[in-house]
Each structure stands twice: as structure tokens, then as C-alpha cells.
Amino acid sequence: QVQLVESGGDSVQAGGSLRLSCIASGFPVEEYTMAWFRQPPGKDREGVAAVDRDGRGKYAASVKDRFIISKDFAKNTLYLQMSSLKPEDTAMYYCAARRGRGQYYYPLTASLYTAWGQGTQVTVSS
């Protein structure tokens, strides 16, 4: 069955960098649209970045030019490279996936995704 396992979360100082990983099993990432969401304490889950089946990315305005989403087809893994981290990036980060609908299909709406990981915590201190 489809399974997603995140890792890479940590506590860092503002301005630092982290790379999150999401190992996928049960499906080939090149056939799926995938995304990263985050949920800050006491707030709703929000879309951070999404990538279509071919690897094209889309970003929330709050992370554009700081985060990069990518897929490694050989490792069947999704990544989120985060740089210039800010305290407001503190959240539980979740990997999500859904069968792709073709090029340029990469929504940032949580309800459109059918598979989710358990999350990895990112804490950024000032």
C-alpha cells in the first residue's frame, strides 16, 4: 500500500537550513503529484510546496525563494530544502501524495491529497 515516511526535522536557529525527506513506498513518485504541508501550533494545516509528476514545483508566497521542493525518481523520495529559516516556519511538516493528473497539476489544497505521512517537527528559534 501507499506509505510515506518523513525525516529531517530538527531545531535550528533563525537563518539556518534543513532538508526534509519523504521516502515513498507502494507507488512510483514520478506518477504522483506530491506536496509538503505544515501545521504550526494551534493553527490549520497549510500548503508549503507541491511538485507535479514531472518535477515542476509551486510554492506558497511565504516560502518562495527560500524553499525548494524536488523528487528523486531513483530513490523514490521527495525532498524539501529549506533555507533562511524563520521562527514562523516552526511547525509539524507533512508529506502528501495523490495520483498525478498530468503536467502542471500541483495543488496546495490538503483535501485533494489521498496519502499522508506522520510528520516531522521543525522548530526555528530566534
Pairwise side-chain contact, [X] with [Y], heavy-atom cut-off 4.5 Å (strictly under):
{"X": "Tyr32", "Y": "Arg53", "result": "no"}
{"X": "Val29", "Y": "Thr77", "result": "no"}
{"X": "Cys95", "Y": "Met34", "result": "yes"}
{"X": "Gln39", "Y": "Glu46", "result": "no"}
{"X": "Val51", "Y": "Leu78", "result": "yes"}

Quiz prompt | Sidechain N-carboxylate O distance under 4.0 Å for Lys58, Asp52 | solution = no
Quiz prompt | Note: Lys71-Asp54 ion pair, threshold 4.0 Å (strictly below) | solution = no
Quiz item: Under the criterion side chain to side chain contact (heavy atoms under 4.5 Å, CB included), which of Leu18, Asp89, Thr123 is the partner of Val12?
Solution: Leu18
Between the side chain of [X] and the main-chain N/O of [Y], is any donor-acceptor distance below 3.5 Å?
{"X": "Thr33", "Y": "Tyr105", "value": "yes"}
{"X": "Glu6", "Y": "Gly119", "value": "yes"}
{"X": "Asn76", "Y": "Ala24", "value": "yes"}
{"X": "Tyr106", "Y": "Tyr59", "value": "no"}

Spacing of [X] atom [atom1] and [Y] atom [atom2] [to the nearest 0.5 Å]:
{"X": "Ile68", "Y": "Ser83", "atom1": "CD1", "atom2": "OG", "value": "6.5 Å"}
{"X": "Cys22", "Y": "Leu80", "atom1": "SG", "atom2": "CG", "value": "10.5 Å"}
{"X": "Ser21", "Y": "Lys75", "atom1": "OG", "atom2": "NZ", "value": "8.5 Å"}
{"X": "Met82", "Y": "Ser17", "atom1": "CE", "atom2": "OG", "value": "8.5 Å"}
{"X": "Gln81", "Y": "Arg66", "atom1": "CD", "atom2": "CZ", "value": "12.5 Å"}

Quiz item: Does CD in Gln103 sit with more than 12 non-hydrogen atoms of other residues, nucleotides or ligands closer than 6.0 Å?
Solution: yes
Exercise. Would you indicate whether Arg56, at its atom CZ, is surrounded by more than 12 heavy atoms from other residues, nucleotides or ligands within a distance under 6.0 Å?
Key: yes
Quiz item: In chain order, what residues pass the salt bridge (charged side-chain N to carboxylate O under 4.0 Å, His left out) check against Arg45, with sequence neighbours excluded?
Solution: none
At their closest point, which heavy atom of [X] faces which heavy atom of [Y], and how far apart are they?
{"X": "Ala115", "Y": "Leu4", "answer": "O-CD1, 3.6 Å"}
{"X": "Ala91", "Y": "Arg38", "answer": "CB-CB, 3.7 Å"}
{"X": "Pro87", "Y": "Ala14", "answer": "CD-CB, 4.1 Å"}

Exercise. Taking the six-membered ring of Tyr79 (Phe, Tyr or Trp), confirm whether the NZ or CZ of Arg19 is under 6.0 Å from its centre and within 45° of its axis.
Key: yes
Quiz item: Would you say the ring centroid of Tyr94 lies under 6.0 angstrom from that of Phe37?
Solution: no
Practice problem: Following the transitive rule for hydrophobic clusters with a side-chain heavy-atom cut-off under 4.5 Å over Ile, Leu, Val, Met, Phe, Trp and Tyr, establish whether Phe27 and Phe73 coincide in one cluster. | Solution: yes
Quiz item: If you group Ile, Leu, Val, Met, Phe, Trp and Tyr by side-chain heavy-atom gaps below 4.5 Å, do Leu108 and Trp36 land in one group?
Solution: no
Quiz item: Quick one: do the Tyr113 and Arg98 side chains pair a donor with an acceptor below 3.5 Å?
Solution: no
